[in-house]
Amino acid sequence: MKGQVRLLPHKYGPIVKNVKANSEGVAMIQAPKIWEQGIKGKGITIAVLDTGCDVNHPDLRGNIAGGRNFTTDDNGNPNSLTDYHGHGTHVSGTIAAARYVGVAPQAKILVVKVLAGETGSGEYAWITNGILYAIEQKVDVISMSLGGPSDHSEMRKAVKKAVANQIAVVCAAGNEGDNDSRTAEFSYPGSYNEVISVGSIGFGKTSSPFSNSNNEVDLVAPGEKIVSTIPGGEYAAFTGTSMSTPHVAGAIALIKQLEQQEFDRKFTEAEVYAQLIKRTIPQGNPKTQEGNGLLYLTAPDLLRESVEENSLIEE
């Protein structure tokens, strides 16, 4: 089963200079509105299972909680988290970069390197061990922008264990889509019912043509031309469900901090999922493409305002 797990990027973009404003993706899901309430992901840790991370990137170094290497890179040194590809750094930035491009700029990243080299490929055992390590480290969320064509029993057991430990597991739906909602494309672990499967949508709110469609997609988030961090202290725009996934992982960090603060207790994984789906808005795309809809963190506020307006009209 070696070499069958891989990255799911659809397209890499050019270097982006002078990032001085919130990224379009962060703005689209309404994260800045949650920040205004003092909620930025503080106290929440997300394990990013990917190609490693540039832990010295200016926008990431303050939010790195440690990590471990499960690949053969650097002779298998467990302490080497070097990102030879750039994908893991980009995903981590979308989750928790301190400025502009991070959804939860005060959350912490546990770097779990499970994909190796410049191609970003790996073994199912590396993924499985990475999930088990994240569980041991008691993270709040696991984010996986990766996948393979085959179901793998040990990897699924690890996913189930994470969920049983009240960890939300967020996965990319995959980029094998043919822009036909009637045909199903499956990638694993993104197609497991236990995970939160994330598809991609463009800034025009149309389902991305490359995004996998199937009956396990839970929701969609921005995944086209997403600007985030890359190794060397720089930024670039990438496209794919790999980029949609960290928007949701970061959003969960905000939701957990907000709701646990208001309820004064920790939430179960099922409660977190319910709170996440409460913050989606259907866009009219087929359910196999968008699931419950677009991640929109202020959706409950819109609903409340609508009810209040209707009540005033009735009076």
### Task
Could you go through the side chain to side chain contact (heavy atoms under 4.5 Å, CB included) check for I255 and L297 one step at a time?
CA-CA 8 Å; I255 291 168; L297 285 164; 3.9 Å; yes
### Task
Just do the side chain to side chain contact (heavy atoms under 4.5 Å, CB included) check on K157 and K160 with the steps written out, would you?
CA-CA 5 Å; K157 284 180 184 177; K160 288 182 175 181; 5.7 Å; no
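Between S208 and E224, the side chains place a donor N or O and an acceptor N or O closer than 3.5 Å (distance only, hydrogens not considered). For the residue pair E185 / S187, no side-chain donor-acceptor distance below 3.5 Å is found, with atom types taken as modelled. Under 3.5 Å, the side chains of S80 and D74 contain a donor-acceptor pair of N or O atoms. Residues D59 and T229 have side chains that never bring a donor and an acceptor to within less than 3.5 angstrom of each other.
Among residues at least two apart or in separate chains, ring-ring contact (aromatic ring centres under 6.0 Å, His included) pairs with a member in residues 264-296 are F263-F267. Legend: side chain to side chain donor-acceptor pair (under 3.5 Å) pairs involving residues 101-116, not counting sequence neighbours, sorted by first then second residue: D73-K113.
Side chain of S244 to backbone of A221: a donor-acceptor contact under 3.5 angstrom is found. Listed for the D140 side chain is no donor-acceptor partner under 3.5 Å among the backbone atoms of I46.
For the pair S23/K225, no side-chain contact is recorded, criterion being any heavy-atom separation below 4.5 Å from C-beta on.
Interatomic distance, CG of L115 versus OG1 of T71, reported as 8.5 Å (0.5 Å rounding). Here the CG atom belonging to D54 is positioned 10.5 Å from the CG atom belonging to L81, to the nearest 0.5 angstrom.
Salt bridge status for E271 with R265: present, with a side-chain N to carboxylate O gap under 4.0 Å.
L132 and A158 make their closest contact through CD2-CB, 4.1 Å (heavy atoms, listed as atom of the first residue, atom of the second, distance). What you find for V26 and V101 is that their closest heavy atoms are CG2-O, 3.5 Å.
For Y84, there are no ring pair (Phe, Tyr, Trp, His ring centres under 6.0 Å) partners, not counting sequence neighbours. With sequence neighbours left out, H57 forms a ring pair (Phe, Tyr, Trp, His ring centres under 6.0 Å) with Y235. Not a single ring pair (Phe, Tyr, Trp, His ring centres under 6.0 Å) links F186 to another residue, sequence neighbours left out. Applying the ring pair (Phe, Tyr, Trp, His ring centres under 6.0 Å) criterion to Y133, with sequence neighbours excluded, gives F70.
Residues F203 and V227 fall into different hydrophobic clusters, defined by Ile, Leu, Val, Met, Phe, Trp and Tyr side chains chained together at heavy-atom separations under 4.5 Å.
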